[in-house]
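In what follows, a single structure is set out as structure tokens and then discussed.
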Amino acid sequence: MSRANLPPGPRGRLLSGSLPEFRRDMLGLFDRSARDFGDIVSLRLGSRRLYLVNHPDFVEQVLVTASRNFRHTYIRRLMRPLLGDGLLTSEGDFWIRQRRLVQPAFHRQQISAYAEVMVDYTLRMLDAWRDGETRDLHAEMMSLTLEIVARTLFDADAGSSGAREVGDAMEVVLESFRARWESLLALPESVPTPTNLRMRRAVGQLDRIIYGFIAQRRRSREERGDLLSLLLRAQDEDGTSMTDKQLRDEAMTLFLAGHETTANALAWTLFLVSQYPHVEARLHSELREALGERAPSFSDLPQLKYTETVVQEAMRLYPPAFAVSREAIDECEIGGYRIPSRATLLLCQWTIHRDARFFEEPLSFRPERWQDNLQKRLPKFAYFPFGGGLRLCVGNAFAMMEATLVLATLAQKFRFTLAPGQNVEPWPSITLRPRNGIRMTLQRRA
């Protein structure tokens, strides 16, 4: 293949390429690149080069049909100090074994038991809310999902020192990751910079807490009905189970995925509902018809179809995972362009989910678009908020159940109005957060 076969892209600056724009307005850069250069775009970021993939057929090639030629990138490897060799970072036969051990914990009959926890903790949060007050709903959702994941994963109360420390220490590690990722020239973790030292202390604190949960559970041999108990009990085909290190890595992975991503999905959902009165009216109509005045439960989910599509549509416009990264092992061809070996690809949910070729009025919030089996009519990877292929998120059913039940509980009790004087702006970090939170005024329903 000749040099001319490389994908097109913006020229950028002489030395830094598109790095300043990447740091200043990453999502805007992705949008403009897809619009100006098409379905595969070459982005030079300082000394690194990224290939932005903006078409579902090419995403399927990377994640499914040619997946053996792609592995995790340096972006995922930056997370290894926190996640170790958990499902998000491990590869090959080890990943296959871990997935086989973890998967049963997320079967439908297992996760149904957690529905009551999700609703109860949401109601407990609402007990402290007052009519007419203003709250940052992103912060509220972060606290709520922390409580839910602490209970479902460890059977621990988030008000306890252990569970709360996990949330605080994880935030320190994530801030370190953000700084390292955005710099693209970060020093190794072994170099004792102030950022690296803070990260080491936080990871050490997390290890102490998580290993403490594991040791306590092994000593007591008590069946608590939480995810940690299921992981402790899991056995592979040869009768072996997870070591403490493997349990720690998977617990840390599940804690991050069950806390950060679901909180962001809920915050963006509440923001969008507040901006579209007809959606809010139809949502409340469904809740009134399906539930009356009682709280939702797992058995109500089949009657909460519009509520589910509200979450689904919010994750189309604001996907918590806004891009999936992969690295090419060998040189290959995608869409007629040469992709060099060791090239980093970003499979971009942000651009594909907002592409007018696949979604009519793509920037409008229209939950009803998902009715009449739209997803079956779309190209397979036109919508992939949970990734895809063999590495489809193991907790996707858990996350959708949690988001649907929490949204139903919140919308049943309150209406939400965006507080004046704020600019709600997406911030692409590890996940897609609102940069300055989302402050909402609460109005209690009669």
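Keep in mind that the numbers below use all heavy atoms, side chains included, and drop hydrogens, waters and symmetry copies.
Taking each heavy atom of T431 and T261 in turn, the nearest pair found is CG2-CG2, 3.7 Å. The heavy-atom pair separating F298 from A115 by the smallest distance is CB-CB, 3.6 Å. Heavy-atom minimum distance, L392 versus R99: O-NH1, 2.6 Å.
The existence of a salt bridge linking D93 and R97 is excluded, since no basic side-chain nitrogen approaches an acidic carboxylate oxygen closer than 4.0 Å. Ion pair K380/D57 not flagged as a salt bridge, since none of the NZ, NE, NH1 or NH2 atoms sits closer than 4.0 Å to an Asp/Glu carboxylate oxygen. A salt bridge links D39 with R357: the distance from a Lys NZ or Arg NE/NH1/NH2 to an Asp or Glu carboxylate oxygen falls below 4.0 Å. Ion pairing between D372 and R377 fails under the 4.0 Å rule for side-chain N and carboxylate O. A salt bridge is absent between R369 and E361: the closest approach of a Lys/Arg side-chain nitrogen to an acidic carboxylate oxygen does not fall below 4.0 angstrom. With respect to the salt-bridge test (charged N to carboxylate O, under 4.0 angstrom), the residues D155 and R151 qualify. Using a 4.0 Å cut-off between charged nitrogen and carboxylate oxygen, D25 and R32 count as a salt-bridge pair. A salt bridge is defined here as a Lys NZ or Arg NE, NH1 or NH2 lying under 4.0 Å from an Asp or Glu carboxylate O, and R288 with E293 fails to meet this definition. At a threshold of 4.0 Å, the pair E313-R366 does not count as salt-bridged, since none of the basic side-chain nitrogens sits closer than that to a carboxylate oxygen. The pair D136-R439 does not count as a salt bridge, with every side-chain nitrogen at least 4.0 angstrom from each carboxylate oxygen. Between K305 and E286 there is no salt bridge, since no side-chain N of the basic residue sits under 4.0 Å from a carboxylate O of the acidic one. Checked for salt-bridge contact, E327 and R71 meet the test: a charged N lies under 4.0 Å from a carboxylate O.
Classification of the F154-F213 ring pair by plane angle, with boundaries at 30° and 60°, yields parallel. Using cut-offs of 30° and 60° on the angle between ring planes, the pair H55 and F58 is tilted. Taking the six-membered ring where the residue is Trp, F381 and F384 present perpendicular rings, their angle passing 60° and hence far from 30°. In this pair, Y383 and W370 present their aromatic rings tilted. The plane angle is within the 30 to 60° band.
Within the model, atoms OG of S112 and CG of L301 stand 10.0 Å from one another, a figure rounded to the nearest 0.5 Å. For the atom pair CG (L283) and OG1 (T269), the distance works out to 10.0 Å, reported to the nearest 0.5 Å. Note that the CG atom of L317 and the CD atom of Q312 stand 12.0 Å from one another [nearest 0.5 Å]. Atoms CE and CG, from M401 and L304 in turn, are 12.5 Å apart once rounded to the nearest 0.5 Å. Here the straight-line distance linking atom CE of M141 with atom CG of N264 works out to 11.5 Å at 0.5 Å rounding. Taking CG of L287 as the start and CG of L407 as the end, the distance is 7.0 Å to the nearest 0.5 Å.
With hydrogens and angles ignored, the 3.5 Å screen pairs no side-chain donor or acceptor of R100 with any backbone N or O of Q235. Side-chain N or O atoms of D300 include one that pairs as donor or acceptor with a backbone N or O of S297 at under 3.5 Å. A donor-acceptor pair is defined here as one N or O able to donate and one able to accept, closer than 3.5 Å; such a pair exists between the side chain of Q412 and the backbone of R294. Side-chain atoms of R217 do not come within 3.5 Å of backbone N or O of L228 as any donor-acceptor pair. No side-chain donor-acceptor contact under 3.5 Å links S285 to the backbone of R282. Remark: side-chain polar atoms of D249 are paired, donor with acceptor, to backbone N or O of D85 under 3.5 angstrom. Side chain of R316 to backbone of H353: a donor-acceptor contact under 3.5 angstrom is found.
Cation-pi contact between R354 and Y318: present, with separation from the ring centre below 6.0 Å and deviation from the ring axis of at most 45°. Geometrically, R124 engages Y121 in a cation-pi contact defined by less than 6.0 Å to the ring centre and at most 45° from the axis.
Contact check for I334 versus V62: side-chain heavy atoms found under the 4.5 Å cut-off. Counting heavy atoms from C-beta on, the side chains of W427 and N436 never come closer than 4.5 Å. The shortest side-chain heavy-atom distance between V310 and F365 falls under the 4.5 Å cut-off.
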Dump the intermediate steps for side-chain hydrogen bond (donor to acceptor under 3.5 Å, both in side chains) on T134 and T441, then the final yes or no.
CA-CA 4 Å; T134 297; T441 300; 3.1 Å; yes
